[in-house]
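Since the structure is predicted, the reported quantities are computational estimates derived from the model, not experimental observations. Note that ligands are numbered from 1 as they come in the structure, with each ligand's atoms numbered from 1 the same way. Throughout, residue positions are numbered sequentially from 1 according to the sequence presented.
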Amino acid sequence: MALSGLALALALALALPSGALENGLARTPPMGWMSWERFRCNVDCQADPRNCISEQLFFEMADRLAEDGWRELGYEYINMDDCWSAKQRDAAGQLVPDPTRFPSGIKALADYVHARGLKLGIYGDLGIFTCGGYPGTMLEHVKQDAETFAAWGVDMLKLDGCYSSAEEQAKGYPEMARALNATGRPIVYSCSWPAYQGGLPPKVNYTILAEICNLWRNYDDIQDSWDSVLSIVDWFFTNQDVLQPAAGPGHWNDPDMLIIGNFGLSYEQSRSQMALWTVMAAPLLMSTDLRTISPGAKEILQNRLMIQINQDPLGIQGRRIVKEKSHIEVFLRPLSQAASALVFFSRRTDMPFRYTTSLAKLHFPEDAVYEEEISAKRHIGSYSSRLKTQGFSGKGFFSQGPLRPQLCPEEEPALINWKCQDTSKALDFFTYMQQTTYGGLLGDTR
Ligand code: GLA
């Protein structure tokens with residue numbers, strides 16, 4: 001019995017892709033909350049006690065995550081970003097939190113978070129200073145800081161790269177991975193390394209990254225604007241041939257935080273960010289004030305279908321499959337159980353536009369194995385069985401809102417038999433709105 005168990009474990013170990021980071025963490029993209037985009041480096045607790053970077057802010061966000069339905073949906077990490085620490089290490093060379101803003105200490109904060117079924121993330125920087133000017137983690141401090149974080153009960157580390165050289169990064173990022181593993185505490189490891197090296201080969205080696213990091217920032221910081229979202233989307237999909245294969249269970253591209261709930265995005269743009277981050281298999285790290293979030297923003301961030309797609313166990317990042325001259329783009333993410341997610345995105349700024357397509361045009365020919373287009377190695381069977389569809393919002397596939405499909409119109413709309421008609425006519429839809437995104441899930445199991 002014991003022997004066959006061992007043999008099985010060995011067989012499983014051998015079956016793992018060689019070189020993958022095996023701390024066993026982040027098998028699906030991490031979800032949670034992160035302070036930076038919304039709360040920045042506001043350390044003036046005198047003038048702005050409610051919004052400054054202090055333990056109070058994290059206590060309150062932890063309460064919201066635990067009490068307002070977020071945790072049950074998977075939003076479990078509460079991540080401190082820059083500006084939590086004192087300006088100096090202590091006499092023993094250890095990082096310490098700012099004593100007036102974090103009087104209870106990080107261990108107490110971790111205990112508070114854990115007591116609510118959540119996990120705590122912290123921020124460090126592999127340079128002389130953090131980007132905000134706080135003490136960094138130079139090479140000689142890597143081991144000590146990893147041990148400090150583990151002793152505090154930290155569950156995730158974002159290691160930034162300000163004020164460090166390419167050589168220091170090439171040494172320091174793998175060294176921190178080893179140091180974290182050596183603590184024995186499971187700590188999800190987020191590396192900003194590629195973002196400091198332009199995000200692309202030959203300077204960035206995604207094979208090495210996937211071996212040492214659970215997620216990595218590839219590109220510029222998100223700001224609270226639609227322009228910023230679009231620039232990130234452009235960069236990620238322009239470079240999808242490089243980036244898409246790098247992602248998978250345990251190792252993810254990170255296009256940065258969700259800014260839904262803040263000041264820069266309209267309702268439609270907020271839905272777009274959610275759908276595009278979902279199709280990218282991106283970490284879902286919200287950066288918004290959960291104490292005052294509007295019902296509309298909350299509804300988008302708590303969309304169960306989007307979260308289910310984002311967290312699909314296959315962990316295949318989606319791709320842009322169509323980029324029309326009309327400024328309509330279509331994205332496809334293959335999912336487990338022979339399903340796939342489609343996202344339709346309009347960048348038009350003139351007026352509502354009628355976009356018509358079909359499943360055949362979207363590379364879903366009858367009996368085709370659509371995944372072969374995405375990843376030559378995966379074969380999950382033909383797609384000629386039943387096709388069930390669900391909309392991004394409301395019931396049914398696009399049954400509410402600006403995208404109107406005609407899915408085998410003679411059939412009942414919620415559950416469609418794929419063979420009911422010719423695939424070239426199986427999906428015919430059009431948009432009414434601008435700068436909007438609608439997604440649908442195609443598959444027979446959900
Ligand atoms: C960099 C990072 C941001 C944030 C700030 C903190 O700009 O990319 O995500 O962590 O530093 O100073």
Side-chain angles (χ1 to χ4, degrees), residues 29-44 51-54 57-58 61 77-87 95 97-98 101-102 106 120-138 145 149 154 156-166 168-169 172-173 176 187-200 203-204 209 213-225 227-229 231-233 235-236 243 252-262 264 273 277 280 282-289:
M31 293 174 65
W33 183 91
M34 181 174 257
S35 57
W36 182 255
E37 198 294 314
R38 176 62 183 79
F39 294 96
R40 305 284 168 151
C41 196
N42 175 359
V43 292
D44 192 350
N51 299 301
C52 66
I53 299 300
S54 71
L57 182 72
F58 295 97
M61 290 306 159
Y77 286 94
I78 173 146
N79 292 355
M80 309 160 70
D81 206 275
D82 204 352
C83 311
W84 59 269
S85 86
K87 283 278 185 175
L95 286 173
D98 181 276
R101 293 182 288 116
F102 291 85
I106 307 299
L120 185 70
I122 206 163
Y123 168 97
D125 184 291
L126 199 64
I128 179 158
F129 298 116
T130 70
C131 300
Y134 289 78
T137 302
M138 302 282 280
D145 291 357
F149 298 148
V154 160
M156 178 161 171
L157 169 67
K158 169 175 169 180
L159 190 61
D160 214 339
C162 276
Y163 305 108
S164 64
S165 67
E168 285 160 344
Q169 290 164 15
Y173 278 101
M176 181 58 90
I187 300 180
V188 171
Y189 182 33
S190 166
C191 302
S192 300
W193 185 11
Y196 286 86
Q197 298 301 326
L200 296 173
K203 278 192 167 174
V204 175
L209 271 169
C213 309
N214 294 115
L215 61 157
W216 47 79
R217 282 281 310 283
N218 316 60
Y219 188 62
D220 293 351
D221 290 3
I222 198 159
Q223 309 294 340
D224 191 10
S225 78
D227 278 356
S228 170
V229 171
S231 76
I232 290 171
V233 167
W235 189 84
F236 274 81
L243 304 175
W252 310 100
N253 294 299
D254 178 8
D256 212 1
M257 291 158 272
L258 294 166
I259 56 167
I260 297 160
N262 297 333
Q273 193 193 16
W277 261 236
M280 279 193 272
L284 299 179
L285 296 170
M286 310 179 281
S287 192
T288 188
D289 191 342

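- Remark: distances from the non-hydrogen atoms of Arg40 to ligand 1 are all 4.0 Å or more.
- With a 4.0 Å heavy-atom cut-off, ligand 1 is reached by the side chain of Asp160 but not by its N, CA, C or O.
- Taking a 4.0 Å cut-off on heavy atoms, Glu37 fails to register as neighbouring ligand 1.
- Within the 4.5 Å cutoff, side-chain heavy atoms of Trp84 are placed close to those of Leu95.
- Classified by interplanar angle (parallel below 30°, tilted 30° to 60°, perpendicular above 60°), the ring pair Tyr173/Trp193 is parallel.
- Atoms of ligand 1 lying under 4.0 Å from at least one heavy atom of Lys158, given by number and element, are 3 (C), 4 (C), 9 (O), 10 (O).
- Residue pairs meeting the salt bridge (charged side-chain N to carboxylate O under 4.0 Å, His left out) criterion with at least one member in residues 157-166, sequence neighbours excluded, are Asp81-Lys158.
- The protein heavy-atom contact nearest to atom 4 (C) of ligand 1 is Asp81 OD1, 3.3 Å.
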Practice prompt. Let me see the working for Trp216 and Asn253 under side chain to side chain donor-acceptor pair (under 3.5 Å), right down to the final yes or no.
Written response: CA-CA 6 Å; Trp216 47 79; Asn253 294 299; 2.8 Å; yes
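- Side-chain N or O atoms of Trp277 include none that pairs as donor or acceptor with a backbone N or O of Pro283 at under 3.5 Å.
- Residues Asp256 and Trp36 fail the side-chain proximity criterion, which asks for heavy atoms closer than 4.5 Å.
- Taking all heavy atoms of Thr130, Asp220, Asp82, Asp254 into account, the minimum distance to atom 6 (C) of ligand 1 is reached by Asp82.
- The shortest N/O to N/O separation between Trp36 and ligand 1 does not fall below 3.5 Å.
- Compare Asp221, Asp256, Ile222, Asp125 by their heavy atoms: the one nearest to atom 8 (O) of ligand 1 is in Asp221.
- Of all atoms in ligand 1, listed by their number and element, those nearer than 4.0 Å to a heavy atom of Gly132 are 12 (O).
- Between Leu258 and Gln273, some side-chain heavy-atom pair lies under the 4.5 Å cut-off.
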